[in-house]
Amino acid sequence: MISLVLAAALGVAAAPQRPWTEVAVIDGDPVMRGLPKDGIPAIDRPVFVRADDATFMDDDEYVIGVFDGAIAKAYSTWHLNGHEIVNDTLGSASIAVTW
Amino acid sequence: MYARSVSGRTLSFGVSGMLWRENLVMYDRETDSWWAQATGQAIEGPLKGTTLQMRPSDMMTWKEWRARHPRTLVLSKIESGRTRGTSDVYTRYHDGGNLGVTGRTRLNTGGVGAKTRVLGFRFNGKAFAVVLDDLASEPVLVSAVPGEPFVIAGTPDGSGARAFRAGPHAFSVRQGAVLVDEATGSEWSAFEGLAIEGDLAGTRLEPVPATLAYWFAWRAFFPDAAVLRRTRAPSRRDRAERPTSDSCADPHPTLTAGGIHRDPACCASWGPSSCPPWCNVRERRGAARGDR
């Protein structure tokens with residue numbers, strides 16, 4: 001309740017475009033659903049290009065980067081906004097890039 | 001960034017459409033357990049209580065990353081597979097003063113501006129945070145946590161940072177991002193966590209997996225998180241009071257150059273005198289991992 005009052009004071013009146021529904025309470029905090037499952041599609045078969053060919057990237061674009069000593073991979077956060085998760089591999093390791 | 005292997009099984013994750021503590025809830029397709037993205041812990045389902053192993057990763061601008069890894073691969077933006085749904089529900093969040101999108105976020109932010117960006121990491125069950133802006137003028141911070149010193153190093157452009165365990169070394173900052181250890185006088189690159197000159201040349205510090213997050217989001221998960229700051233007199237920039245909301249007037253006129261503009265709300269959350277580079281946006285807003 002207090003957070004709702006303060007939120008209103010902060011101008012949060014800009015309501016989300018979709019309703020959020022409380023679906024569970026875990027450790028005292030609500031789990032809120034705003035989209036259907038997979039409403040935002042994770043990337044399961046990521047395709048990569050070399051840096052020199054990445055003309056779609058801007059210099060000041062934020063990336064999540066990972067390096068295992070041999071292979072370096074970068075994931076644009078602007079792009080990840082529409083996917084949130086990439087199920088990927090790095091060498092022999094299976095990794096989840098999450099945003 | 002997590003390893004997907006749990007007890008010899010490889011999981012794949014999807015977006016559940018739910019948030020918990022204003023943070024992405026993932027699900028795994030193998031057991032349909034729910035996972036909190038911020039901690040990597042399963043909070044519901046058959047794997048409840050299991051924690052994914054976090055692995056070190058970086059967040060910085062493409063320019064910085066490519067300079068460090070010229071042979072890097074980069075995720076193509078050509079869409080493949082499903083394009084169901086939309087993420088519009090999030091896109092306005094970064095424009096405003098909202099703390100989270102559900103209106104349920106606790107506003108106990110401990111004196112640091114709620115939307116201040118921090119490098120958060122955990123070690124031995126304790127959570128820590130470093131205010132990224134503290135690294136803007138001096139990129140290296142050697143923390144004085146008793147018994148467990150850390151080296152925190154920012155990228156030259158202030159876009160990212162890394163954390164390392166200092167281990168047995170007593171470091172002092174020589175200049176810029178070069179450290180010297182007291183015992184041997186070897187010189188270290190703080191950002192690489194690597195001794196580059198002297199007896200210890202080639203020695204590496206142990207990286208600590210860390211994540212960039214809004215302070216309120218980090219604190220929602222780790223209410224006891226300690227904020228590591230410099231112990232000596234803070235710079236004028238450090239002392240500048242930062243508003244915790246965007247309710248104040250925007251002191252940063254929107255800048256347009258090459259299709260890039262500054263997100264005024266993002267700038268405002270950083271106070272009157274500076275607007276960090278991650279406030280530059282083009283297509284989508286925001287640069288805070290999973291923190292909505």
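Each chain gets a letter, A, B and so on, in the order the sequences are listed, and its residues count up from 1.
No other option in A/Ala96, A/Ala24, A/Ala54, A/Ser76 has as many heavy-atom pairs under 4.5 Å with chain B as A/Ala96. Ranked by heavy-atom pairs under 4.5 Å with chain B, the first of A/Ile71, A/Asp52, A/Asp53, A/Ile85 is A/Ile85. Among B/Met60, B/His69, B/Arg4, B/Met26, the residue making the largest number of heavy-atom pairs under 4.5 Å with chain A is B/Arg4. Ranking A/Leu90, A/Val49, A/Thr21 against chain B, the residue ahead of the rest is A/Val49, based on heavy-atom pairs under 4.5 Å. Ranked by heavy-atom pairs under 4.5 Å with chain A, the first of B/Leu11, B/Ile43, B/Val25 is B/Ile43.
Side-chain atoms of B/Tyr27 do not come within 3.5 Å of backbone N or O of B/Val15 as any donor-acceptor pair.
Classified by interplanar angle (parallel below 30°, tilted 30° to 60°, perpendicular above 60°), the ring pair B/Tyr214/B/Phe216 is parallel.
Applying the salt bridge (charged side-chain N to carboxylate O under 4.0 Å, His left out) rule to B/Glu30 yields no partners; only residues at least two apart in sequence or on another chain are considered. Remark: A/Asp59 engages B/Arg66 in a salt bridge (charged side-chain N to carboxylate O under 4.0 Å, His left out) (not counting sequence neighbours).
Of the two parts of B/Arg55, only the side chain, counted from C-beta on, holds a non-hydrogen atom closer than 4.5 Å to a non-hydrogen atom of chain A. Heavy atoms closer than 4.5 Å to chain A are found nowhere in B/Asp28, neither backbone nor side chain. Contact annotation for A/Ala51: both backbone and side-chain heavy atoms come within less than 4.5 Å of a heavy atom of chain B. Heavy-atom distances place the side chain of B/Thr10, and not its backbone, under 4.5 Å from chain A.
For an aromatic pair to be called close, the ring centres must be under 6.0 Å apart, and B/Trp62 with A/Tyr62 fails this.
Put simply, the side chain of B/Glu64 reaches to within 4.5 Å of the side chain of B/Pro156, judged on heavy atoms.
Side-chain atoms of A/Thr98 and B/Gln37 form a donor-acceptor pair, as typed in the model, at a separation below 3.5 Å.
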